[in-house]
2 protein chains.
Amino acid sequence: MKLKEFAKQLGLSPTTVSRALSGYPEVSEVTRARVAEEAVRLGYRPNVNAVRLKTGRAGAIGVVMGRAGEFHFAEFMAGMAERLVTEDTDILVIPMADPDHNDEMQLYRRLVESQRVDAIIVHSPRPNDERIALLHKLGMPFLVHGRSDIDVPHAWLDIDNEGAVRRATSHLIDLGHRRIAMINGRQGATYALHRDNGYRRALQSHGIEPDPQLIANGNFTDELGFRFARSFLEQPNPPTAFVAGSMMTALGVYRAVRSLGLQVGRDVSLIAHDDVFPYLTADNMVPSLSATRSSMRAAGTRCADLVLQLISGRSPLEIHELWPVELILRESTGPVRQPQI
Amino acid sequence: MKLKEFAKQLGLSPTTVSRALSGYPEVSEVTRARVAEEAVRLGYRPNVNAVRLKTGRAGAIGVVMGRAGEFHFAEFMAGMAERLVTEDTDILVIPMADPDHNDEMQLYRRLVESQRVDAIIVHSPRPNDERIALLHKLGMPFLVHGRSDIDVPHAWLDIDNEGAVRRATSHLIDLGHRRIAMINGRQGATYALHRDNGYRRALQSHGIEPDPQLIANGNFTDELGFRFARSFLEQPNPPTAFVAGSMMTALGVYRAVRSLGLQVGRDVSLIAHDDVFPYLTADNMVPSLSATRSSMRAAGTRCADLVLQLISGRSPLEIHELWPVELILRESTGPVRQPQI
DNA sequence: TTTCGCAACCAAACCGTTTTCAATTTTAGA
DNA sequence: TCTAAAATTGAAAACGGTTTGGTTGCGAAA
């Protein structure tokens with residue numbers, strides 16, 4: 001059913017019908033109601049592609065997806081979906097070929113030019129992220145999930161990574177730990193930097209010098225969690241506590257600790273960051289995992305919300321949200337054990 | 001840069017330019033080369049929305065996303081992305097409000113009518129899945145990831161769930177196990193049914209009567225893995241082996257077994273299904289996990305490929321792929337222990 | 001030479017909306 | 001009652017491409 005045909009059935013012009021459905025004021029309430037009603041009855045729905053061509057709006061939010069299968073991704077998307085379900089906006093997932101730099105910029109450039117999306121969400125920004133500069137230059141609305149230090153105005157939503165890790169680390173220090181290892185995310189992303197800062201500040205404010213031998217960076221995998229933890233624990237002067245970047249990393253740390261005949265929460269303390277997954281909960285781990293917690297799903301929902309505001313004209317300058325992170329103490333943290341004499 | 005302008009710069013008509021770029025034969029090679037070259041140089045790219053309006057193609061594949069944050073999802077998408085990155089097709093994620101039945105059908109109907117996608121991928125089909133009937137009726141190309149018994153022709157790609165679980169169960173029986181528990185996925189989906197069949201057939205072909213007390217269904221979460229395993233093991237006549245539906249479930253089972261002072265691989269055997277995640281590998285678990293394995297990512301890639309074929313006209317009737325599943329034996333399986341006398 | 005076929009190109013119609021500008025009808029004010 | 005202003009409605013021009021149905025020019029066949 002096309003507009004023309006539909007309008008004819010109603011005895012109205014396409015103009016009026018279009019306006020009635022789009023909520024323009026210059027159409028009488030009576031007419032509007034009738035049009036809306038008949039549209040449902042006859043099943044008329046405007047052709048999206050025609051609307052998009054004419055209006056220039058794409059009706060979609062772009063999310064560029066890296067190749068690393070990040071488990072956060074699904075949660076974030078589910079959160080976005082939750083918000084967008086009532087909206088007439090969908091999510092366009094754009095595959096990224098290689099993390100090769102040039103390619104990536106090219107991808108964003110094309111995405112913008114192609115006019116397939118009204119806005120873009122940028123993930124895992126770097127301190128000086130060229131994607132941000134590019135999108136700003138091209139005038140494409142975008143929201144950064146995370147933050148960047150770049151000298152370009154941008155809307156962002158981030159969690160307080162630094163504060164979270166600082167508190168986590170401080171807490172471990174308060175428990176008497178002095179050798180605290182840090183298993184961080186991949187180097188380069190701002191959040192990893194912030195977490196590193198939080199870690200260092202906590203140590204330094206207690207007069208402890210960070211030991212580079214106790215700091216590691218890498219993907220959030222069980223495997224790396226294990227490897228790093230294991231190699232740290234096998235050092236001559238092993239750590240008594242760990243701060244870990246993700247639930248998967250935590251799993252690896254648990255394994256490593258166990259594999260050495262030690263016990264998490266007694267011999268080694270651990271605090272990890274928990275993005276709140278329905279399928280793996282910190283509280284259920286044995287011993288239950290002390291965690292800095294912030295819902296990835298909620299972030300997705302809010303990001304979708306903010307992007308919608310961005311699209312409808314709100315200034316990026318007004319959109320800066322820093323979410324506090326909970327620190328939830330459970331059994332994986334405990335006072336440092338006196339070295340056996 | 002619009003087509004008209006671009007054509008003028010080249011001293012050609014829009015017609016010829018359009019044809020040159022779209023690879024039509026009635027344009028000389030010389031011209032085609034020149035057009036292609038200049039397009040790059042001047043940065044001309046056809047407006048997607050205009051192309052879509054005119055051709056009726058949407059340039060996107062639809063994936064409906066449930067609210068349950070499934071960790072498989074990201075892997076599957078990453079796989080799709082891998083295939084689509086070279087193509088001019090993207091992935092449209094459509095949020096699903098409630099798993100409420102009517103709503104879901106309504107969603108699919110609208111999705112089709114809106115012409116935002118050229119094809120749809122249907123996940124976790126049920127034996128008699130109305131979505132399939134609907135899409136078939138509406139003439140929308142679609143690929144089912146999984147299978148359905150419904151009496152409607154449909155393209156599908158599935159893994160041999162039944163065979164996988166049958167072999168896994170048989171292997172456990174060969175190891176001497178007789179009380180084998182089954183922690184399956186949510187009731188309703190075909191794959192859960194197939195796995196159940198595989199489980200029952202294996203038992204029955206060895207003359208073992210399935211015990212409903214040892215069969216559970218539910219989401220693939222660590223929590224449910226733990227609960228089910230624990231409650232099974234606390235029964236008067238506990239199982240000596242488990243077949244579990246996912247890696248997360250397996251984590252829960254490990255926990256449950258440990259919590260009772262038992263040991264996986266010695267006191268209790270376990271085989272779980274592994275979708276192959278970069279962040280959690282069966283081989284790294286302690287003891288390493290015996291698993292039926294099939295790459296979710298590879299499935300995503302192939303599904304994308306098949307959908308593209310579907311879009312370009314291949315008959316759904318020809319597209320039926322049943323992937324074999326590997327059975328990889330590691331340390332979590334062992335001979336049944338004689339009951340302590 | 002004329003005719004035909006073919007390669008290469010082009011003008012204009014069309015895809016299904018939105019929106020500008022203009023026309024018509026109502027309403028309100030005098 | 002008349003008129004100006006306000007409230008509705010419509011006709012037609014975009015939006016930026018693709019594609020149909022030609023036209024043109026040239027060499028080969030008749």
Side-chain angles (χ1 to χ4, degrees), chain A residues 1-39 42-60 88-89 110 112-118 311-312, chain B residues 1-39 42-60 88-89 110 112-118 311-312:
Chain A
M1 169 86 60
K2 323 279 171 81
L3 170 60
K4 213 166 159 183
E5 187 186 343
F6 177 57
K8 190 168 287 174
Q9 297 232 2
L10 287 180
L12 288 170
S13 73
T15 311
T16 306
V17 172
S18 171
R19 286 207 270 241
L21 292 175
S22 314
Y24 278 63
E26 60 265 67
V27 67
S28 78
E29 276 315 316
V30 185
T31 312
R32 183 193 309 290
R34 189 163 68 96
V35 171
E37 193 177 304
E38 292 291 286
L42 299 176
Y44 167 73
R45 293 182 62 81
N47 177 302
V48 199
N49 293 324
V51 174
R52 289 180 181 173
L53 170 57
K54 184 59 196 176
T55 62
R57 274 178 243 125
D88 209 14
T89 302
R110 282 199 181 171
V112 171
E113 281 168 3
S114 73
Q115 302 182 38
R116 283 175 304 178
V117 297
D118 295 320
I311 291 175
S312 58
Chain B
M1 170 84 61
K2 322 280 171 78
L3 171 59
K4 215 166 159 184
E5 188 186 344
F6 177 56
K8 191 168 289 175
Q9 297 233 1
L10 288 180
L12 287 172
S13 73
T15 311
T16 305
V17 172
S18 171
R19 282 186 177 139
L21 291 175
S22 315
Y24 280 64
E26 58 267 68
V27 66
S28 78
E29 276 315 316
V30 185
T31 311
R32 184 193 309 288
R34 188 163 69 96
V35 171
E37 194 177 302
E38 291 292 284
L42 298 176
Y44 168 72
R45 294 182 61 80
N47 177 301
V48 198
N49 293 324
V51 174
R52 288 178 181 174
L53 169 58
K54 182 58 195 182
T55 62
R57 275 176 243 127
D88 210 13
T89 302
R110 283 198 181 171
V112 171
E113 281 167 3
S114 74
Q115 301 181 40
R116 284 175 302 176
V117 297
D118 295 320
I311 291 174
S312 58

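Quick caveat: nothing in here was measured; it's all calculated off a predicted structure. Order of the sequence lines fixes the chain letters, A, B, ..., with proteins taken first and strands second; residue numbering starts at 1 for each chain.
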Tell me the interatomic distance from [X], atom [atom1], to [N], atom [atom2], rounded to whole angstroms.
X     : N      : atom1 : atom2 : result
B/L10 : C/dC10 : CG    : P     : 10 Å
B/R57 : D/dT19 : CZ    : C1'   : 12 Å
B/N49 : D/dT18 : CG    : P     : 13 Å
A/K8  : D/dA11 : NZ    : C1'   : 14 Å
A/L12 : C/dT24 : CG    : P     : 17 Å
A/K4  : C/dT18 : NZ    : P     : 15 Å
A/R45 : C/dT17 : CZ    : C1'   : 14 Å
A/E26 : C/dT26 : CD    : C1'   : 16 Å

Quiz item: Distance check: side-chain N/O of A/S13 vs OP1/OP2 of D/dG10, anything under 4.0 Å?
Solution: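 Yes, such a contact exists.
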Quiz item: Is any side-chain N or O of A/Y24 closer than 4.0 Å to OP1 or OP2 of C/dT19?
Solution: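 Answer is yes, contact under 4.0 Å.
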Quiz item: How do B/P14 and A/V51 order along DNA chain C: which one's closest nucleotide is nearer the 5' end?
Solution: B/P14
Practice problem: Map B/V27 and A/T55 onto DNA chain C by nearest heavy atom, then report which one ends up closer to the 5' terminus. | Solution: B/V27
Practice problem: Between B/S18 and A/V17, name the one whose nearest nucleotide on DNA chain D is closer to the 5' end. | Solution: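 Its nearest nucleotide being more 5', the pick is A/V17.
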Quiz item: Taking for each residue the nucleotide of DNA chain D with the nearest heavy atom, is it B/R19 or B/N47 whose nucleotide lies nearer the 5' end?
Solution: B/N47
Shortest side-chain distance from [X], nucleotide among [options]:
X     : options                : answer
B/K2  : D/dG16, C/dT18, D/dT18 : D/dG16
B/L3  : D/dG17, C/dC10, D/dA14 : D/dG17
A/T16 : C/dC9, D/dG10, C/dC15  : D/dG10

Exercise. Specify the closest pair of heavy atoms between B/I311 and B/D118, including all atoms of both residues, with the distance to one decimal.
Key: CD1-CB, 3.7 Å
Quiz item: Can you tell if the side chain of B/E38 reaches within under 4.5 Å of the side chain of B/Q9, non-hydrogen atoms only?
Solution: no
Quiz item: Is there a side-chain contact between B/F6 and B/L12 (heavy atoms, below 4.5 Å)?
Solution: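 Side chain of B/F6 against side chain of B/L12, heavy atoms only: no contact under 4.5 Å found.
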Practice problem: Have a look at B/S28 and say if it touches a base, only the backbone sugar-phosphate, or nothing, with a 4.0 Å heavy-atom cut-off. | Solution: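 Sugar-phosphate contact only.
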Quiz item: With a non-hydrogen cut-off below 4.0 angstrom, is B/Y44 in contact with a base, only sugar-phosphate, or nothing?
Solution: sugar-phosphate
Self-check item: Residues forming a salt bridge (Lys or Arg N to Asp or Glu O under 4.0 Å) with A/R57, sequence neighbours excluded
Solution: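 A/R57 satisfies salt bridge (Lys or Arg N to Asp or Glu O under 4.0 Å) with no other residue.
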Exercise. Look at the side chain of B/T31 against the base of C/dA8 and say whether a donor-acceptor pair falls under 3.5 Å; ignore hydrogens and angles.
Key: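 Per atom types, no contact qualifies.
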Practice problem: In plain terms, say whether B/K2 and B/E5 are close enough for a salt bridge, that is, a side-chain N and a carboxylate O under 4.0 Å apart. | Solution: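 No, no charged N to carboxylate O under 4.0 Å.
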